[in-house]
Each structure stands twice: as C-alpha cells, then as structure tokens.
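Below: one structure, written as structure tokens.
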Protein chains: 2
Amino acid sequence: MLGVTEDLALDGRQLGKRGAATRRRLLDATSQLLESRGIRDLRVVDIAREVGTSPATFYQYFRDVEEAVLVLAAEVGEESAPLLQLLTGDWQGPVGLEKARRLVDGFIVFWDAHRAVLRTRNLAAQEGDQRFRNVRNSSLRPVTEALARIVPPGELSPIAAASALVAMMERMAAFHIDLESLGASRADVVETVAQIVHRTVTAS
Amino acid sequence: MLGVTEDLALDGRQLGKRGAATRRRLLDATSQLLESRGIRDLRVVDIAREVGTSPATFYQYFRDVEEAVLVLAAEVGEESAPLLQLLTGDWQGPVGLEKARRLVDGFIVFWDAHRAVLRTRNLAAQEGDQRFRNVRNSSLRPVTEALARIVPPGELSPIAAASALVAMMERMAAFHIDLESLGASRADVVETVAQIVHRTVTAS
DNA sequence: CGGGAATCTGACGCCACGTCAGGTCACCTG
DNA sequence: CAGGTGACCTGACGTGGCGTCAGATTCCCG
C-alpha cells in the first residue's frame, strides 16, 4: 500500500539480516534527528553519518528522507489502536466522562511519545502528500468513525462532530506543552477537553 | 518585531518606488506558487522566473523563501481581526448560537481565502520556528483571549477551553473540504462546530 | 574453501543556493 | 539637458547536498 515493504531493498533484492539491521538503524537515526530539527533541514548525509555509513547506503533502502519518515509514520500510527477500546459501550454519565478523560489522556501520551514523527506526518499530509494522508487517515479514521457511532444524530452531524472532536484532541495533544505558559496545566487540558468531548457526545 | 520592514532592503538601503514594486511582485509570486506546491519545493529560481527577474534580485529583499512567506503570513494574519467583533456581549441563547455560527463561518472564509499561506505558517510554527509562532500567536491570541473571557469559570478552565475551541475551529476550517467526501457538507460543519462552541461557552 | 548473492562506498555529474562585483536605470540638481 | 548619485539589477561563481553507478567488500551456504 505504501509502496514500501519490509523485505525488499529499492533495487528489488531480498533483504538479509544485515540489510534489515542497517535499514532499522537508518530509521532510528531519522527518528532521532527529526526531534532536533524539521524535515526540511534533515539531510541524508546527516542520517548516514549518524549511523556511521555513507549516503549511498541510505539510497539502498529509501528513495529520499521523506520516504523514511513515511515508514516511521506508518509504524507509529498503529499505536493509536488501543484508543479504540475506550470508544465502546455506553458513554452516558460519569462512566462516559471517565472514558473521555482516558481518551484525551491517551492522545496526549501518544503525542508525547512520538511528537516529532507525528508532527512531520501531519505537516506532509497538510501539504498535500497523498502517501502521508493515507497514513494519517489509517491512524485516525478508526477513531473518528468509532466516535461518530457514539454521537447521537440530531442537531449535530455525527461525522462532523467526531471529526471536530478528533481535530481538537489531536491539536491539544500537539500543543498542550505551550499552554502551560498560559496557565493551563496538563490536568486542566485533560479535564477541559474531556468535558467538551463528553458533553458533545451525550447532549441531545 | 519581525526583523523585516517595509522600507529597507536587506543591505539597509532605502526602498524607492521601483524597489517596493519589485518586492511586492516577489511576494505575490511567492503566494501564488505556494498554492500549487509546498514550501519545500518552492525554489527561489521559480519565484524569480515568475516575476521575470533574476534569483539575485530576490536576495535583495528576502534572506530566503521562508522569510518571504513570513511577511505574507504577517500580512494575512491581520485579517482575522474582524472576528473579534463577534466575541463580545452576551452569548446565551439563540443570539449566542448565531454568533457562534458566524464565528465558525468566519474562520472558514478566512482559511479559504488564504489557505496556502496559513497552512505554511502553521507548518513552520509547528516545526519550532519562533518567528512563525509569533505571527501565528499575534493572529490567534486575541481571538483565544476574547473567547476565554466568555467561558464561565467552573469545571472548565477558560484558557484551556478557549484554546481547544480555537484549535477545533482552525482545524475544521483547514480540513472542511476533505470532510465533504465523508458526507459532511460545509453547512454541516458550520452548524456542528458552532453548536459545540456555543454549548461549551454557555454550559454551567 | 569457493562462489554467488547481499551489502557497502568512492567518485561523479547535476542543480539550487547565496554572494559579489560591476553594470544599468531613475531621478535630481545645477 | 548634462552629469552624477544612489537605487536597482544581474552574470558569474564557489559551495554543498542530491542521487547514481560501477566496483569493492562482506556474508553465507554448499
């Protein structure tokens, strides 16, 4: 689907143990370097040096830096799956509110763990890159759809409401650190966003 | 504040009529090209060719492509000011709901008019560029603060709630076109987001 | 131990960047 | 209107990362 598999190099040859290890080290270096700079300033030569290999080696496994980040984004995206377990059953009352808190908290933990890759994924998706859009959708669509199933149809469009809530949660997860300087603690953010989610989902 | 003035070239000389016109044409070309590609693929040589001048001329006015986009972002950011007029008075009841609708609609109109520049502004801000963060904050902080003043303190942190709502509105304005293919029309988005905003602002 | 596949890399042509010296243009002044 | 001053423009160039390829090296298996 991504045009990138785990088992083949770009020239089509089978990947052995050594090749797989090199590929992994290149990915890890890419992920690490992405935390200290934007993708625009991430040079193949830097990644190669970090791994202790030559730039030409990088091109054995990835077409360009973007493609390496795409692989990372696909890997990371799957870690949002556990959030789906919260989006089941009855969301009315205090039990639902607690689920909302855990959902919001889960978003923040997810983002804190993979901030650099997720930021870059959304950036590329927003710039129109279809591959990154697909990866982003694969990660968020199940959450959005599960949430939409919980929103009662009425004045609100379930799809629009679920999309809006996911957008809000994702954005707050991405930004919550900046809010501290404005006087909103992490706990404030979780509680407030959870309240908005819960009220939207349970209101008539 | 931006380290970029309207009256001086980068070498410090005074800008005359011809220089100001060239600078403006470079900015317009940058804005236009930004609509068909991401900033990563926007070359100085393309902007120069579009204007019918040489790359060296570009560097008379801007340090790099990013700086030209920064100027555009600062210009565009000021157009969000009219939204502040809606964030006054009483937001209870149907009058408040109508204000919410206009606020959400205003966000969407704003984004539809300046999608490329706003997208790039947020992208650079998210990547940590402080200059773009400042420009983004200058545009959104007044809206966020005005909204926070309307949210009654209680279970919700006004600051967190206002930030979350602004995040939601901005994101929906950026994404609403993609939602059409999921079955949520522009009208659905406006109404649904307006409802969420209104309910959050008026609930106990 | 031989051989073939997998893996790595030095070397290279290409292109955009960003600078600078020097040329051109516009306006003002006498 | 001639001359000159400063604003404006650009051709030419050094730099550095990109992406490729041929050939060298390493690994693994029979």
Side-chain angles (χ1 to χ4, degrees), chain A residues 3-30 33-34 36-71 120 124 129 131, chain B residues 3-30 33-34 36-71 120 124 129 131:
Chain A
V4 178
T5 77
E6 300 269 331
D7 305 306
L8 295 179
L10 288 183
D11 59 8
R13 71 165 201 273
Q14 199 73 20
L15 270 200
K17 202 164 65 173
R18 187 163 57 131
T22 301
R23 192 183 117 109
R24 177 36 59 191
R25 278 187 295 140
L26 287 168
L27 284 173
D28 292 343
T30 302
L33 288 172
L34 212 50
S36 61
R37 65 187 85 181
I39 191 175
R40 282 191 317 248
D41 304 315
L42 192 49
R43 318 240 170 269
V44 169
V45 68
D46 296 328
I47 300 172
R49 181 162 35 222
E50 182 77 15
V51 169
T53 185
S54 77
T57 297
F58 180 92
Y59 291 102
Q60 297 248 330
Y61 300 98
F62 309 103
R63 244 174 286 274
D64 49 32
V65 173
E66 220 170 68
E67 188 174 282
V69 176
L70 182 69
V71 172
T120 310
D129 189 308
R131 302 172 303 170
Chain B
V4 178
T5 76
E6 300 269 331
D7 305 307
L8 296 179
L10 288 183
D11 59 8
R13 71 163 201 273
Q14 199 73 17
L15 271 201
K17 200 164 67 174
R18 186 160 61 129
T22 301
R23 193 183 115 108
R24 177 36 60 190
R25 279 186 295 139
L26 287 168
L27 284 173
D28 291 343
T30 301
L33 288 172
L34 211 50
S36 61
R37 65 186 84 181
I39 190 174
R40 280 187 321 237
D41 305 315
L42 192 50
R43 319 238 174 270
V44 169
V45 68
D46 296 328
I47 300 171
R49 180 163 35 225
E50 183 74 18
V51 169
T53 184
S54 79
T57 297
F58 180 92
Y59 290 103
Q60 297 247 331
Y61 301 97
F62 310 103
R63 243 176 287 276
D64 49 33
V65 172
E66 221 170 66
E67 189 175 282
V69 177
L70 182 68
V71 172
T120 309
D129 189 308
R131 302 172 301 171

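In what follows, chains carry the letters A, B, and so on, assigned in the order in which the sequence lines appear, proteins first and then strands, with residues in each chain numbered from 1. All values derive from a computational prediction rather than experimental measurement.
Rounded to an integer number of Å, the gap from B:Gln60 CD to C:dG23 P is 16 Å. Regarding B:Phe58, its CZ atom lies at a distance of 12 Å from the P atom of C:dT19, rounded to whole Å. Atom-to-atom, CZ of A:Arg49 to C1' of C:dT9 comes out at 16 Å; the value is rounded to the nearest Å. When the P atom of C:dA16 is taken as reference, atom CD1 of B:Ile39 falls 17 Å away, rounded to whole Å. Separating the CZ atom of A:Arg23 from the P atom of C:dC8 is a distance of 13 Å, rounded to the nearest angstrom. Between the CZ atom of A:Arg25 and the P atom of C:dT7 there is a distance of 12 Å, given to the nearest Å. Rounded to a whole Å, the CG atom of B:Leu15 is 14 Å from the C1' atom of D:dC9. Spacing between atom CG of A:Asp41 and atom P of C:dC17 amounts to 14 Å, rounded to whole angstrom units.
The nearest pair of heavy atoms linking B:Glu66 to B:Asp129 is OE1-OD2, 3.2 Å. Between B:Ala68 and B:Leu27 the shortest heavy-atom distance is O-CD2, 3.5 Å. Summarising the geometry of B:Arg13 relative to B:Tyr61, their closest heavy-atom pair is NH2-OH, 3.5 Å, with the distance given to 0.1 Å. Here the shortest heavy-atom pairing between A:Leu15 and A:Arg23 reads CD1-CD, 3.9 Å. For the pair B:Thr57 and B:Thr53, the tightest heavy-atom approach, listed with the atom from each and the gap, is OG1-OG1, 3.1 Å.
Salt-bridge check for A:Arg49 with A:Asp46: passed, with a basic side-chain N closer than 4.0 Å to an acidic carboxylate O.
With hydrogens and angles disregarded, a donor-acceptor distance shorter than 3.5 Å links the side chain of A:Glu67 to the backbone of A:Arg63.
Proximity of B:Val45 to B:Phe58: side-chain heavy atoms (C-beta onward) are nowhere separated by under 4.5 Å.
The side chain of B:Thr57 contributes an N or O atom lying less than 4.0 Å from OP1 or OP2 of D:dT10. The phosphate of C:dC8 has OP1 or OP2 within less than 4.0 Å of a side-chain N or O from A:Thr22. A close approach under 4.0 Å does not occur between any side-chain nitrogen or oxygen of A:Ser54 and OP1 or OP2 of C:dG10.
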Extract from the structure each pairing of a protein N or O with an N or O of nucleotides 26-28 of chain C at less than 3.5 Å, listing the distance.
none

Nucleotide by nucleotide, nucleotides 15-21 of chain D touches protein heavy atoms under 4.0 Å in the pattern (B base, S sugar-phosphate only, - none) --SSBBB

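For the salt bridge (Lys or Arg N to Asp or Glu O under 4.0 Å) test, no residue two or more places apart in sequence or in another chain qualifies with B:Arg25.
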